Protein chains: 2
Amino acid sequence: MTPATRRRGTELEQAIFDAVFEQLGAVGYARLTMEGVAASAHTGKAALYRRWASREDLLRDALEHALPAPAEVPQHGNIHDDLLELLRCYRDVTEVTKGAVFKLLKIDGEDGYVLLHSVVRERVVAPLRQMILDALRRGAERGDVRPEAATRQVAHVGPAMVMYHCLTESADLPDEMLISIVDEILMPIVTVSGGPGRLSPTGTGPGR
Amino acid sequence: MTPATRRRGTELEQAIFDAVFEQLGAVGYARLTMEGVAASAHTGKAALYRRWASREDLLRDALEHALPAPAEVPQHGNIHDDLLELLRCYRDVTEVTKGAVFKLLKIDGEDGYVLLHSVVRERVVAPLRQMILDALRRGAERGDVRPEAATRQVAHVGPAMVMYHCLTESADLPDEMLISIVDEILMPIVTVSGGPGRLSPTGTGPGR
DNA sequence: CACGGAGGGAACGGTAGCGTCTACTATTTT
DNA sequence: AAAATAGTAGACGCTACCGTTCCCTCCGTG
């Protein structure tokens with residue numbers, strides 16, 4: 001029995017989606033072409049155009065396909081570990097999409113991004129913010145998070161730091177970086193009292 | 001005496017640089033072309049190619065020209081106002097370059113991107129970080145900043161929040177947003193004294 | 001004044017990529 | 001088995017843009 005020589009249906013689509021991210025990594029969004037994706041996927045343009053009317057349609061589907069299902073809010077019972085796990089989820093998303101999460105966020109004038117921008121906002125930015133906010137609120141009820149820190153603005157800090165690091169320093173996000181963000185930045189903001197063994201300030205304890 | 005009908009030398013270059021940012025705002029980096037810039041500047045392509053070998057060369061010069069000289073570290077005598085002024089400087093830079101600072105940080109791939117990326121890092125990201133770090137260190141000496149907060153990581157928080165806001169919410173950066181970032185995020189991290197009114201800017205700056 | 005350099009405008013040949021089409025054929029469906 | 005679907009490969013006409021060249025003429029300088 002000879003094995004099939006052609007990929008069909010979802011198998012071919014998976015190869016095409018893989019090629020999208022390979023090309024995003026290799027040439028960036030600005031120079032991503034249908035021809036390049038087709039070549040990387042070892043298929044013809046007609047197979048792409050049979051499914052997608054445009055580059056942006058293809059990108060949107062590739063992105064939707066690559067993004068994981070929404071995660072559950074962690075239940076570690078302490079805010080430090082909850083926040084760390086959420087930032088790890090975020091890191092994983094940026095890695096699986098070859099940094100597309102950041103690069104497809106719209107800047108004025110980049111009209112082609114509109115559709116993609118909203119995908120990233122709805123599937124990445126908003127769910128992550130909501131999960132962080134939920135973790136903060138639960139921490140506030142537990143008593144290890146200051147109630148005033150359970151805000152939308154504070155929920156942005158971790159993701160903002162991750163993005164800034166990736167765009168200005170290195171796409172590499174080792175665990176030590178995530179831990180540093182949680183310890184040095186997030187914990188001083190959110191904790192009622194600094195705990196022992198943490199870098200959070202001890203001088204912010206009771207007495208306020 | 002009839003006025004000159006042609007722009008020459010630096011006058012023409014200024015018009016070309018203006019056109020670069022106009023086009024960056026209108027069509028984005030991906031679709032920025034020499035023809036588009038020339039048309040926007042109401043000049044011929046030959047005038048561009050006489051000065052710049054490529055689109056990236058032109059962009060680099062336009063950026064270098066638009067970026068302000070490095071500012072001085074503020075001397076307000078309190079960290080709150082120092083940080084606020086530095087974030088305002090950052091906001092001004094993003095505005096004067098029509099968001100180019102962020103757009104160019106997103107570029108990926110080979111060729112000229114490395115050069116543009118490094119211009120933004122060397123002329124915007126690194127100086128701003130240094131100034132924030134200097135302000136934090138001076139605050140630590142003064143006593144209104146806790147010494148453990150005078151770190152590179154903490155110096156990134158403000159700019160990171162500004163960028164995240166621009167990329168995920170709105171390119172508009174009203175003063176209230178900058179104040180909120182300083183009050184709700186930066187002050188809890190950097191201040192030695194907490195207090196029940198920590199999130200309100202009580203007593204942190206004269207004339208507030 | 002004359003001269004040279006440069007600005008403005010247009011034309012040019014070339015190319016990458018687009019979107020479409022065709023022919024062949026592998027594979028699934030009937 | 002035959003028929004239908006879709007994958008593969010290549011060709012095609014078109015467009016935008018590139019980078020260069022040319023011509024005319026403005027403008028600064030000697």
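Numbers restart at 1 for each chain; the letters A, B, ... are given by sequence-line order, proteins then strands. Atom set for the values below is all heavy atoms of this structure, side chains included, hydrogens, waters and symmetry mates excluded. Everything numeric in this text was worked out from a predicted model, so none of it was measured.
Put simply, CD on Gln23(B) and CD on Glu35(B) are 11.0 Å apart, with the number rounded to the nearest 0.5 Å. To the nearest 0.5 Å, atom OG1 of residue Thr94(B) and atom CE of residue Met163(B) are 10.0 Å apart. Atoms CG and CG, on Leu128(B) and Leu86(B) in that order, are 6.5 Å from each other to the nearest 0.5 Å. The line from CG of Asp144(A) to CE of Met187(A) is 7.0 Å long, rounded to the nearest 0.5 Å. Residue Ile179(A) holds its CD1 atom at 12.5 Å from CG of Leu186(A), rounded to the nearest 0.5 Å.
The separation between Tyr49(A) atom OH and dT22(C) atom P is 18 Å, rounded to whole Å. Distance, Gln23(B) CD to dA16(D) P: 15 Å, rounded to whole Å. Taking atom CG on Leu32(B) and atom P on dA16(D), their separation rounds to 17 Å, with Å as the unit. Here dG5(C) presents its C1' atom at 12 Å from CZ of Arg51(B), a figure rounded to the nearest Å. Atoms CD (Glu35(A)) and C1' (dG10(D)) sit 12 Å apart, rounded to a whole Å. Rounded to whole angstrom, the span from the CE atom of Met34(B) across to the C1' atom of dG14(C) amounts to 18 Å. For Leu58(A) and dC18(C), the CG to C1' distance is 14 Å, given to the nearest whole Å. Between the CG atom of Leu48(A) and the C1' atom of dT20(C) there is a distance of 14 Å, rounded to whole Å.
Between the side chain of His165(A) and the main chain of Asp172(A), a donor-acceptor pair closer than 3.5 Å is present.
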**Request:** Could you walk me through whether Asp183(A) and His80(A) pass the side chain to side chain contact (heavy atoms under 4.5 Å, CB included) test, one step at a time?
**Result:** CA-CA 8 Å; Asp183(A) 286 350; His80(A) 182 277; 2.5 Å; yes
Scan nucleotides 28-30 of chain C against the protein and return all N/O pairs shorter than 3.5 Å with their distances rounded to 0.1 Å.
none

Protein-nucleotides 8-11 of chain C N/O pairs under 3.5 Å:
from   : atom 1 : to       : atom 2 : distance (Å)
dG8(C) : OP1    : Arg7(B)  : NE     : 3.4
dG8(C) : OP1    : Arg7(B)  : NH2    : 3.2
dG8(C) : OP2    : Thr43(B) : OG1    : 2.5

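Here Arg88(A) pairs with Asp175(A) in a salt bridge; the nearest charged N to carboxylate O distance falls below 4.0 Å.
The aromatic rings of Tyr90(B) and Phe102(B) sit perpendicular, their planes meeting at an angle over 60°, well past the 30° parallel limit.
Comparing Gly9(A) and Arg55(B) by the nucleotide of DNA chain D that holds the closest heavy atom to each, the one mapping nearer the 5' end is Gly9(A).
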